[in-house]
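Remarks on the structure that follows.
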Amino acid sequence: MKSSANSVYLTSNLSITNDENYIVDCLVDHDEMPANFEANHVISFYVQTDLYLVLYFPQVDDRGFQMYIVEDFSQNIDDLVFLREMFMQLINEGHNPELLKKAHYKVDTILHMAKTLRAVIHKDAPDYYED
């Protein structure tokens, strides 16, 4: 899947976009479009080895989508840690704590599963063992 022309790289493997057309297309393509636009949403899905994390903000003054893409997320753990820490910083600053706590938890869960996911995705990885 090609990235949006409006993507900005936060690190060499982590990008963010607010391009709502691109985000909605991704959500529809992966059958992840939320049904309720009055609630916060944190949606994650995978495209090959990349993690897509979509946040939806329902507030009238800040309504819309943000999408983070971590390329080859199971190999780029530092980028997941960066993303988790960024969410914690935003929570500490008081920016939409309800939504950002969900996003922080989602990234934290993926971090805890990263080694297992790396073994599944990259069968040639040194820590992969078949039964």
Side-chain angles (χ1 to χ4, degrees):
M1 179 174 287
K2 66 179 185 139
S3 63
S4 167
N6 297 328
S7 293
V8 173
Y9 275 85
L10 304 174
T11 70
S12 59
N13 300 300
L14 170 62
S15 62
I16 182 175
T17 185
N18 292 327
D19 182 342
E20 294 210 353
N21 291 327
Y22 176 70
I23 296 169
V24 168
D25 285 347
C26 287
L27 290 170
V28 169
D29 288 350
H30 293 90
D31 199 26
E32 295 287 348
M33 192 66 172
N36 176 1
F37 288 96
E38 300 305 316
N40 291 324
H41 293 283
V42 176
I43 303 162
S44 64
F45 57 92
Y46 306 96
V47 177
Q48 297 170 341
T49 61
D50 300 341
L51 167 67
Y52 287 65
L53 183 68
V54 178
L55 308 183
Y56 176 72
F57 299 86
Q59 298 79 4
V60 174
D61 59 332
D62 190 26
R63 190 175 196 107
F65 290 99
Q66 262 183 7
M67 183 164 68
Y68 299 87
I69 302 169
V70 182
E71 298 169 6
D72 201 0
F73 75 96
S74 69
Q75 298 278 37
N76 294 306
I77 302 300
D78 290 344
D79 297 295
L80 288 172
V81 170
F82 177 87
L83 188 57
R84 181 184 65 182
E85 289 175 359
M86 184 182 75
F87 289 146
M88 184 53 73
Q89 169 102 23
L90 292 168
I91 291 165
N92 289 338
E93 291 174 5
H95 299 283
N96 201 334
E98 181 185 345
L99 175 66
L100 292 171
K101 283 180 183 178
K102 289 179 188 178
H104 180 271
Y105 178 77
K106 176 69 78 174
V107 173
D108 198 47
T109 301
I110 293 167
L111 270 168
H112 288 296
M113 298 183 331
K115 185 175 180 182
T116 302
L117 292 169
R118 182 173 52 245
V120 171
I121 293 169
H122 299 282
K123 292 182 167 86
D124 59 340
D127 55 354
Y128 177 76
Y129 301 100
E130 279 195 38
D131 294 334

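Between the CG atom of Leu90 and the CD atom of Glu85 there is a distance of 12.0 Å, given to the nearest 0.5 Å. Between the CE atom in Met67 and the CD1 atom in Ile16 there is a gap of 10.0 Å [rounded to 0.5 Å]. Atom CG in Asn6 sits 11.5 Å away from atom OG in Ser15 (nearest 0.5 Å). Leu80 CG to Thr109 OG1: the interatomic distance, rounded to the nearest 0.5 Å, is 11.5 Å. To the nearest 0.5 Å, atom CD1 of residue Ile69 and atom CG of residue Leu51 are 9.5 Å apart.
Counting heavy atoms from C-beta outward, Ser74 and Thr49 have side chains that stay 4.5 Å or more apart. In this structure the side chain of Val47 reaches within 4.5 angstrom of the side chain of His30, judged on heavy atoms. When side chains are defined from C-beta on, Leu55 counts as touching Leu100, because their heavy atoms get closer than 4.5 Å. In this structure, Leu111 and Val81 have side chains that are in contact, with non-hydrogen atoms separated by less than 4.5 Å. A heavy-atom distance below 4.5 Å is found between the side chains of Val54 and Ile23.
Of all the heavy atoms in Leu27 and Pro34, the pair that sits closest is CD1-CD, 4.3 Å. When all heavy atoms are compared, the tightest approach of Leu10 to Met86 is CD1-SD, 4.2 Å. Between Leu53 and Val42, the closest heavy-atom pair is CD1-CG1, 3.8 Å. In plain terms, the two heavy atoms of Glu71 and Ser12 that are nearest each other are OE1-O, 4.1 Å. The two residues Glu98 and Asn40 have their closest heavy-atom pair at CD-ND2, 3.4 Å.
For the salt bridge (charged side-chain N to carboxylate O under 4.0 Å, His left out) test, residues two or more places apart in sequence or in another chain that qualify with Asp108 are Arg84. Under the side-chain contact (heavy atoms from CB on, under 4.5 Å) criterion, Asp79 pairs with Thr11, Asn13, Leu14, Val70, Asn76, not counting sequence neighbours. Glu20 meets the side-chain contact (heavy atoms from CB on, under 4.5 Å) test with Phe65; sequence neighbours excluded. Under the rule for a salt bridge (charged side-chain N to carboxylate O under 4.0 Å, His left out), the partners of Glu38 that lie at least two apart in sequence or sit in another chain are Arg63.
By the 30° and 60° cut-offs, the orientation of the rings of Tyr52 relative to Phe45 is parallel.
Pairs passing the ring-ring contact (aromatic ring centres under 6.0 Å, His included) check and including a residue from residues 70-120, sequence neighbours excluded, read Tyr46-Phe73, Tyr68-Phe87.
Within 6.0 Å of NZ on Lys102 lie more than 12 heavy atoms contributed by other residues, nucleotides or ligands. Heavy-atom neighbours of Asp31 CG from other residues, nucleotides or ligands within 6.0 Å: at or below the threshold of 12.
Using modelled atom types, no side-chain atom of Tyr56 and backbone atom of Ala39 make a donor-acceptor pair closer than 3.5 Å.
Judged purely by distance below 3.5 Å, without hydrogens or angles, the side chains of Gln89 and Glu93 pair a donor atom with an acceptor atom.
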